[in-house]
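Inspection log for the structure reproduced underneath, given as structure tokens.
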Amino acid sequence: MKKDANKGIVLIKKSNDLVESRYKFNIWETRLFLSILSQIRKEDDGFKEYRIWYKDLIKTFDVKSGDSYDLFREAAGELKKKEFHIMYGEEGEKRMKTFNLIRMVDTSIETAGRKEGQEYFDVRIEDDMKPFLLQLQKNFTAYDLRNVIKLGVYSVRLYELLKQYENFGFRKISIESMKTMFGLEDKYPLFADFYRWVIAPSEKEINNNTDILITKIEKIKEGKKTVALRFIFRKKAEDEILELREGEYKGTLFEKQKRKKKVVIQEKGTEQGKKEEQTEKDILFLEFQTIVVGDFGVSPTVFLQELGNFSKEQVEKAIRITKRKKDIGTMKNISGFFLEALRKGYTDEKEIQQVKKVVKENSEKQVQDNKQQLEDLKREEDKALTSYIRSEFSEQPELLQDILILLQSSPIGRMSLSEIDIQKAVFEDLSPLLQGAIKNEFIKLEKDEVALIRMKYEVLRKGIIL
């Protein structure tokens, strides 16, 4: 298996029809299927005979050897029998096309004395699968294989369904559609069981192991029955993904990398500088190609060239503006508009309002942060003052006794000092109420020293307010 873009990225690409098709694999079949797809290159115009090395499989998916070769071999045989069912409509009629995936599988049948480093599978894909896996220019979903290597069967399917809608950040899917796609029509008749055993574990695995984060799952009901789920999700920030990749195990596909953000420090034009720049462009291309190339129709070559001139934020802004303009329905040349929006930094009322919203939210957040900092500072001041008082009482026990005698005539003193031996009293052993009263009297007596402590914190407070 080969690596793309020298970043450990192994690209998986499927047509959206295939992503939403009806099929059911177990975990070993899923892993082998993904490994086969990882062998396909964007320039391929026909399927080849793909060789999958067993040593790569166990390293990629972090599985122990033992019986795993037999399980993968069994999976290869089962994949030969598997079918994909593509649903479609024609003149109001619901129809379904059925495809086989694998034409040929070549595996070892020896089980004794085998050497793991020499074991492999040779696989050839059915030619009928070409429209779903080769030369994909639009209506496809692409992702890095590393995002799904630790996922279960249903987690992979759900991840792919959400990845299709990554640029929108939400997707509504009916329960019936999901159960059909997952091959679970006759299982989990109760929604609670379906959610417990399929959706909840998938949400956890996706959040813990992939580049997207599901922030909310809304249950959509008709009466009392839940008929659909709306998944609210977002792409993880770069630092979240880098943290996720830390500690990635070594292997043919994924070598552990030092996860520091790459900065081109060489002079522009040097070989290393060009390599670094190209790597960043490839990452952006992978992230936005589905919508820019697939939906807007921009040439992949042109888009890749433009990525060298603009930041991720500028590309995202141009995408948002183009999508809004497209939704109005008055735009004839979508690809041309997107490129102009990117090059000229187009804006619109929605963008302006968003900027104002962000400014307002930041302002409100700053007020809350300041309030919290002032409260924290107050606690620190009180802690410092209490520490000073304790040290003074430790050095001058008679000072504590004088204050207690002074308090005897006060309501708090009459209530708290009746059973206390003033001559032997220790500040730390007194009740919080009495400690507070003693502190107030101490402040009156030692106002100059206390003022110095408070002055320090007053300076800090002014810095926060300003």
*asked:* Can you confirm if the aromatic rings of F84 and F33 lie within a centre distance of less than 6.0 Å?
replied: yes

*Is a side-chain donor or acceptor of D295 paired with a backbone partner of V292 at a separation under 3.5 angstrom?*
no

_Tell me whether the rings of F61 and F72 are parallel (<30°), tilted (30 to 60°) or perpendicular (>60°)._
tilted

*Examine distances only and state if a side-chain atom of Q39 and a backbone atom of I36 form a donor-acceptor pair shorter than 3.5 Å.*
no

*Classify the angle between the aromatic ring planes of F121 and Y69 as parallel (below 30°), tilted (30 to 60°) or perpendicular (above 60°).*
parallel

_Rounded at 0.5 Å granularity, tell me how far CD1 in I52 sits from OG in S38._
6.0 Å

*Does S387 reach the main-chain N or O of A384 with its side chain, forming a donor-acceptor pair under 3.5 Å?*
no

*Do the numbers put K55 on top of the ring of Y120, so that NZ or CZ is under 6.0 Å from the six-membered ring centre and no more than 45° off the axis?*
no

*Hey, mind stepping through E43 and R41 against salt bridge (Lys or Arg N to Asp or Glu O under 4.0 Å) and telling me if it holds?*
CA-CA 5 Å; E43 64 271 12; R41 296 291 168 257; 5.5 Å; no

*When you measure from the side chain of N100 to the backbone N and O of I102, does any donor-acceptor pair fall under 3.5 Å?*
no

*asked:* For E78, run the salt bridge (Lys or Arg N to Asp or Glu O under 4.0 Å) check against K81, K82, K80 and tell me which one passes.
replied: K81

Could you list the donor-acceptor pairs under 3.5 angstrom formed by side chains in residues 283-291, with sequence neighbours left out?
from: E287; atom 1: OE2; to: K312; atom 2: NZ; distance (Å): 3.3

_Looking at D211, is its backbone amide N or carbonyl O close enough to the side chain of N147 to form a donor-acceptor pair, meaning the two atoms are under 3.5 Å apart?_
yes

_Cation-aromatic face contact K97/Y88, 6.0 Å, 45 degrees_ = yes

*Is the backbone N or O of N207 less than 3.5 Å from a side-chain atom of K236, with the two atoms forming a donor-acceptor pair by type?*
yes

*Residue from K378, Q373, R379 passing side chain to side chain donor-acceptor pair (under 3.5 Å) with D376*: R379

*asked:* I'd like to know if the side chain of S177 reaches the main chain of I173, judged simply by a donor and an acceptor atom lying under 3.5 Å from each other, with no hydrogens or angles considered.
replied: no

*Salt bridge check: are E29 and K24 linked by an N-O gap of less than 4.0 Å?*
no

*For the pair E205 (side chain) and G152 (backbone), establish whether a donor and an acceptor sit closer than 3.5 Å, ignoring hydrogens and angles.*
yes

*asked:* My understanding is that only one of Q164, K138, E160 makes a side chain to side chain donor-acceptor pair (under 3.5 Å) with N16; could you say which?
replied: Q164

*Salt bridge check: are R103 and E126 linked by an N-O gap of less than 4.0 Å?*
yes

*Hey, what's the ring geometry for Y195 with F191, parallel, tilted or perpendicular (30° and 60° as the breaks)?*
tilted

*Would you say K179's side chain and K187's backbone share a donor-acceptor pair under 3.5 angstrom?*
yes

_Backbone N/O of K204 and side chain of N208: donor-acceptor pair under 3.5 Å_ = yes

*asked:* Do the side chains of D382 and K439 get close enough for a salt bridge, i.e. N-O under 4.0 angstrom?
replied: yes

*asked:* Using the rule salt bridge (Lys or Arg N to Asp or Glu O under 4.0 Å), only one of R157, K163, R171 pairs with E20; which is it?
replied: R171

